[in-house]
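All values below were derived from every heavy atom in this structure, side-chain atoms included, with hydrogens, water molecules and symmetry-related copies excluded.
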Amino acid sequence: MSDVYFEDVVIGAELRSESHVVSAEDIGRFCDLTHDHHPLHTDADYAQSRGFPGVIAHGLFGLSLMEGLKTALKIYENSSIASLGWDQVRFLRPVVAGDAVHMVFRFTDKRLSSRGGRGVVTESLQLVNQRAEPVIEAVHVALVACRQATQAA
C-alpha cells in the first residue's frame, strides 16, 4: 500500500515497517540534536543505577523513529498535507542500544475535512521491539489530500 489518498484509506488496514536496529550512535546523535544529554541517554553506569540495562533512547527519539519508519513505507508520498498532532502517547518500555524495532500502523478513523479536497485520517501506531513487545504506542491524526481534488488540479 503506497501513496494513499483519503479515498484509499480502509479502516482496520494494517501495515508493518522494516526493522531498524537502534545504535548507541543513533541515541548520541539525538542527544546532540535536541541538546538533551541527560545521563540516562549518555552514561551506562548511571542508567544501570536506575534499573535499565544500559543507556536508553529518549522517548521522543522512539516517537520520531515511528514517524520515520512510517514515512519509509511511502504511505502518503504525494498525498500528505500536514500532521495534526499526536495523542495518547505512551512510553511502555525502554528502547536500548541494540534493540531491533519496527512500527505497526493501523488506520482507525477517517472523515472529510470541512475544507474541500482533503480528509482527516486517524492512525494507531506501535513501536515494537525484537521480543514482540510494544515499547511505544500513540495515536496520530493526519491531513491528507483527496485523490479527486488532486486529479482536478
- prompt: Any link between Tyr5 and Leu143 through a network of hydrophobic side chains (Ile, Leu, Val, Met, Phe, Trp, Tyr) touching at under 4.5 Å?
  reply: no
statement: Nearest heavy-atom approach of Pro134 to Leu92 is O-CB, 3.7 Å
query: Does any pair with a residue in residues 67-91 pass ring-ring contact (aromatic ring centres under 6.0 Å, His included), and if so which ones, sequence neighbours excluded?
result: Trp86-His140
Same apolar cluster: Val101 and Leu63, side chain cutoff 4.5 Å: yes
Non-hydrogen atoms of Ala44 and Val55 that approach each other most closely: N-CG1, 3.5 Å
message: My understanding is that only residues two or more places apart in sequence, or in another chain, count here; which of them pass side-chain contact (heavy atoms from CB on, under 4.5 Å) with Asp26?
response: His20, Val22, Ser23, Arg29, Phe61
query: What distance separates Glu14 CD from Gln126 CD, expressed to the nearest 0.5 Å?
result: 8.5 Å
query: If only atom types and distance count, is the side chain of Lys70 paired as donor or acceptor with the main-chain N or O of Phe105 below 3.5 Å?
result: no
message: Could you measure the distance from the OG atom of Ser80 to the CZ atom of Arg118? Nearest 0.5 Å is fine.
response: 11.0 Å
query: If you measure from CG on Leu65 to OG on Ser17, what distance do you get to the nearest 0.5 Å?
result: 8.0 Å
task: Evaluate the side-chain contact (heavy atoms from CB on, under 4.5 Å) criterion for residues Val121 and Phe107: first the C-alpha distance (whole Å), next the side-chain angles of each, then the deciding distance (0.1 Å), finally the verdict.
output: CA-CA 7 Å; Val121 176; Phe107 293 110; 3.5 Å; yes
query: Between the side chains of Asp43 and His38, is a donor N or O closer than 3.5 angstrom to an acceptor N or O?
result: no
query: Is it true that a side-chain atom of Ser79 and a backbone atom of Val144 form a donor plus acceptor pair closer than 3.5 Å?
result: no
query: Are Asp99 and Pro94 close enough that some pair of their side-chain heavy atoms sits under 4.5 Å apart?
result: no
- request: Check Ala24 against Ala97 and note the closest heavy-atom contact, atom names and distance.
  value: N-CB, 3.6 Å
message: Using side-chain contact (heavy atoms from CB on, under 4.5 Å), reason through Ile56 and His41 one step at a time and then give a plain yes or no.
response: CA-CA 5 Å; Ile56 60 172; His41 312 302; 4.1 Å; yes
- request: Could you tell me the separation between the NZ atom of Lys74 and the CG atom of Asp3, rounded to the nearest 0.5 Å?
  value: 9.5 Å
field: Single-linkage hydrophobic cluster, 4.5 Å side-chain cutoff, Ile11 and Leu125 together
entry: yes
field: Transitive ILVMFWY side-chain link Val21 to Val135, under 4.5 Å
entry: no
field: Minimal non-hydrogen separation, His37 against Asp32, with atom names
entry: NE2-OD1, 2.8 Å
query: Could you state the interatomic distance from CG (Asp45) to CZ (Arg50), rounded to the nearest 0.5 Å?
result: 12.0 Å
- prompt: Hey, is CZ on Arg131 packed in by over 12 heavy atoms from elsewhere, all under 6.0 Å?
  reply: yes
- request: May I ask you to decide if Val139's main-chain N or O and Gln88's side chain share a donor-acceptor pair within less than 3.5 Å?
  value: no
- request: Give the cluster check for Ile136 versus Leu15: same hydrophobic cluster or not, with ILVMFWY residues linked at side-chain heavy-atom distances below 4.5 Å.
  value: yes
message: Counting only heavy atoms from other residues, nucleotides and ligands, does the tally under 6.0 Å from CZ of Arg106 exceed 12?
response: no
message: Given 3.5 Å as the limit, does a donor-acceptor pair link the side chain of Arg147 with the main chain of Phe6, or not?
response: no
- prompt: By side-chain contact (heavy atoms from CB on, under 4.5 Å), which residues pair with Val141, not counting sequence neighbours?
  reply: Leu84, Asp87, Val120, Thr122
- prompt: Taking the side chain as C-beta and beyond, is there a heavy-atom pair between Ile27 and Val95 under 4.5 Å?
  reply: no
field: Leu33 CG to His58 NE2 distance, which is reported to the nearest 0.5 Å
entry: 9.5 Å
query: What residue among Val10, Val9, Asn78 forms side chain to side chain contact (heavy atoms under 4.5 Å, CB included) with Val4?
result: Val9
